[in-house]
Amino acid sequence: MRKRFEMLCPEGERASICRAMLMSYIICLSSAILTLFIFFLFPSLYTIGLALLLVFVLNTEILEGSVDSMEMTLLKQLDKFLSDTRHSFYKHGMIDEAIADSSEKSGRIMKVNTLKITSVLESSDKDSSIRKYNETISNRFLRMFLSVAVYVEEFGDKVVNGVSVLLLNINILKSDIYIDLMNRKEISYKFSGMTFIILAPVYTLRFIRNWAVDIVPELITFYDGTLGISLMIIIYLFTIITYKMINELRGRNALVTREHHLIKALSRVKPIYKALNNYEEKNHVKMDKVDRLLYRVRETYTGKQFLLKRLLYGFLAFFICISIIISTHEKNRETLVTSPVFITKSENIIPERYKKPSSELVLDLMYAYLKSGDLKKQGLYLNRKEVEEEVEKNASFPVKGLTPAITDEMIGRIEKYNNEYFHWYELVFAMFISYLAYMIPYFMLLYRKKILSMNMGNEVDQFQSIIMMVMHLDNTTVLQVLEQMESFALVFKESLRICINDYSSGDLDALEKLKMREPYEPFVRLVDNLIIADKIGIPKAFDEVAEERKVSQEMRNQDYRIARDKKVIIGTIMSFVPTIITVGLYWIIPFSINALEGLKEYDEMLNNFR
């Protein structure tokens with residue numbers, strides 16, 4: 001949290017810690033109040049799960065909302081700062097004085113960033129200061145402005161076609177900032193209701209269960225049984241996964257790298273370290289592929305540590321499944337012994353005035369059954385004739401004509417009670433859930449890679465902006481352009497890094513390989529321009545890019561709109577997945593199964609009557 005605030009507003013370690021602590025206190029306090037309120041209102045495992053889910057979402061929304069708000073404020077203040085800098089540069093002709101004058105008129109967040117930029121300009125070791133600045137500041141527009149400011153401060157401004165290069169670059173930055181602001185506002189608006197749509201179904205499960213049981217009491221065996229509990233867990237997990245996927249789609253955490261301290265600490269434990277090394281030696285091709293994928297999505301752990309994370313997910317899911325299945329069987333046994341609600345349809349033929357005493361009689365007989373520890377004596381309760389005799393002997397009300405119905409209920413309860421144990425197919429189900437949990441981190445990696453791929457066009461636009469800003473600067477080389485592109489890249493970062501590493505051993509060969517690794521057509525055109533830049537110079541090589549940018553502002557806006565709308569459509573579809581599962585599996589299917597069982601029973605009754 002502190003790191004994210006510091007990357008946007010580098011006020012210093014103490015100020016960042018204070019801001020992060022304040023945010024932590026707000027999150028912890030709101031989480032504690034919500035958890036206690038929900039739990040004391042409806043104390044159960046289900047409400048604990050709902051409270052934890054709400055805490056998780058609330059924490060994410062508070063933190064991400066604060067960061068989003070700070071980013072929007074920074075962009076607005078940066079836009080004003082660039083306008084003021086442009087005006088001041090007209091008057092003074094000195095970049096440092098222009099920045100100092102503009103800083104006085106800037107908002108708090110921009111003023112802090114301006115002080116950081118000034119310290120880089122005044123540094124004796126500019127290369128080291130620029131590198132450190134780029135590592136600690138997440139806003140790409142600030143980093144692009146710094147690159148131009150450093151050049152102008154060292155070599156002075158340059159006039160191309162009667163236009164100042166600095167002022168031209170400021171106009172490019174302002175244009176890109178405007179597009180980014182509009183894009184952020186649109187995404188924030190169109191994704192605003194999706195969190196509620198995702199969360200709503202999981203909070204209605206208890207109401208659906210109570211309503212269904214009130215209408216059809218026999219459904220209590222489904223909803224409180226293993227299948228009903230399993231469906232609740234599946235809906236709960238789908239809610240969390242969908243929420244995380246929507247956040248990835250929105251672009252949250254795109255520039256944030258997590259350290260994964262727990263995973264890294266566990267991977268250093270000697271037996272685990274040895275086992276992971278052995279696995280890597282036997283599966284080095286697969287692990288290399290995973291390492292490249294992790295690097296592409298900006299993860300900080302290795303393939304071995306990622307494997308450990310997947311195993312932990314699998315073991316944890318298996319343990320939770322087994323625990324829930326066992327506790328569900330125990331609860332179902334208790335319900336069969338204590339619940340007065342009939343589990344069979346025989347209640348329908350019992351007169352209303354005898355329903356309560358009939359239920360009490362069934363519970364008394366169940367208690368007697370459990371008390372009879374002798375297996376032979378218990379076996380008598382499964383003999384219909386013996387059960388009918390017990391019913392007539394223990395009844396305190398006239399049972400003539402009601403004995404078959406009470407006997408059916410008694411035998412049904414005993415059979416269900418005896419069937420409440422850990423089955424082999426439940427072990428298979430737990431193993432299946434464990435495997436799914438093991439695969440989820442890998443699927444999320446592939447999903448993140450897909451989201452990054454959707455941003456290819458936007459990233460190429462950023463590269464064009466970078467090239468336009470450096471193409472007229474003297475002594476700019478192709479390698480420097482590649483390094484600038486790599487420092488701002490997300491999608492193409494790994495390929496650009498490999499190209500830079502190979503550049504010294506053969507520049508043309510490295511660029512050709514870059515085209516083969518990334519066959520995206522607009523990116524390939526940029527690389528082609530870099531290839532010919534060594535022969536005709538960078539300004540001439542990218543003249544077509546500059547001309548295209550002049551006439552394609554509306555096209556760029558349209559491309560951004562298409563990409564944004566595509567994300568919104570995908571997000572809308574995904575946000576309704578928990579609702580579809582809840583309505584289809586948790587609501588409609590139980591009633592359908594109950595209706596089919598009722599038809600079967602009535603069919604049997606008709607056959608017996610004939």
Inset, instruction - For Phe523 and Leu496, run side-chain contact (heavy atoms from CB on, under 4.5 Å): C-alpha distance rounded to whole Å, both residues' side-chain angles, the deciding distance at 0.1 Å, then the answer. - result: CA-CA 11 Å; Phe523 182 75; Leu496 287 167; 4.2 Å; yes

Legend entry - side-chain contact (heavy atoms from CB on, under 4.5 Å) between Leu482 and Cys499, intermediate numbers included: CA-CA 8 Å; Leu482 287 170; Cys499 179; 4.0 Å; yes

Inset, instruction - Please lay out, stage by stage, how Arg525 and Glu521 fare under the test salt bridge (charged side-chain N to carboxylate O under 4.0 Å, His left out). - result: CA-CA 6 Å; Arg525 284 202 298 268; Glu521 187 177 344; 3.4 Å; yes

Legend entry - Trace of the side-chain contact (heavy atoms from CB on, under 4.5 Å) decision for Val568 with Phe191: CA-CA 7 Å; Val568 170; Phe191 278 84; 3.8 Å; yes

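Side-chain contact check for Glu518 versus Val527: every heavy-atom pair is 4.5 Å or farther apart. For the pair Met485 and Gln462, the minimum side-chain heavy-atom distance is 4.5 Å or more. A 4.5 Å side-chain heavy-atom check between Met439 and Arg310 finds at least one atom pair inside the cut-off. Under the 4.5 Å side-chain criterion, counting only non-hydrogen atoms from C-beta, Leu74 is in contact with Leu142.
Taking each heavy atom of Leu219 and Pro590 in turn, the nearest pair found is CD2-O, 3.6 Å. Counting all heavy atoms, side chain and backbone alike, Thr579 lies closest to Pro201 at OG1-CG, 3.2 Å. Of all non-hydrogen atoms in Ile433 and Cys321, the two that sit nearest each other are CG2-SG, 3.5 Å. Contact between Ile500 and Glu486 at its shortest, heavy atoms only, is CD1-CB, 3.7 Å.
A cation-pi contact, defined as under 6.0 Å to the ring centre and within 45° of the axis, links Arg333 to Tyr417.
Using a 30° and 60° split on the angle between ring planes, Phe56 and Tyr243 fall in the perpendicular class, above 60°.
Note: Tyr586 and Tyr223 meet the aromatic proximity criterion, with ring centroids under 6.0 Å apart.
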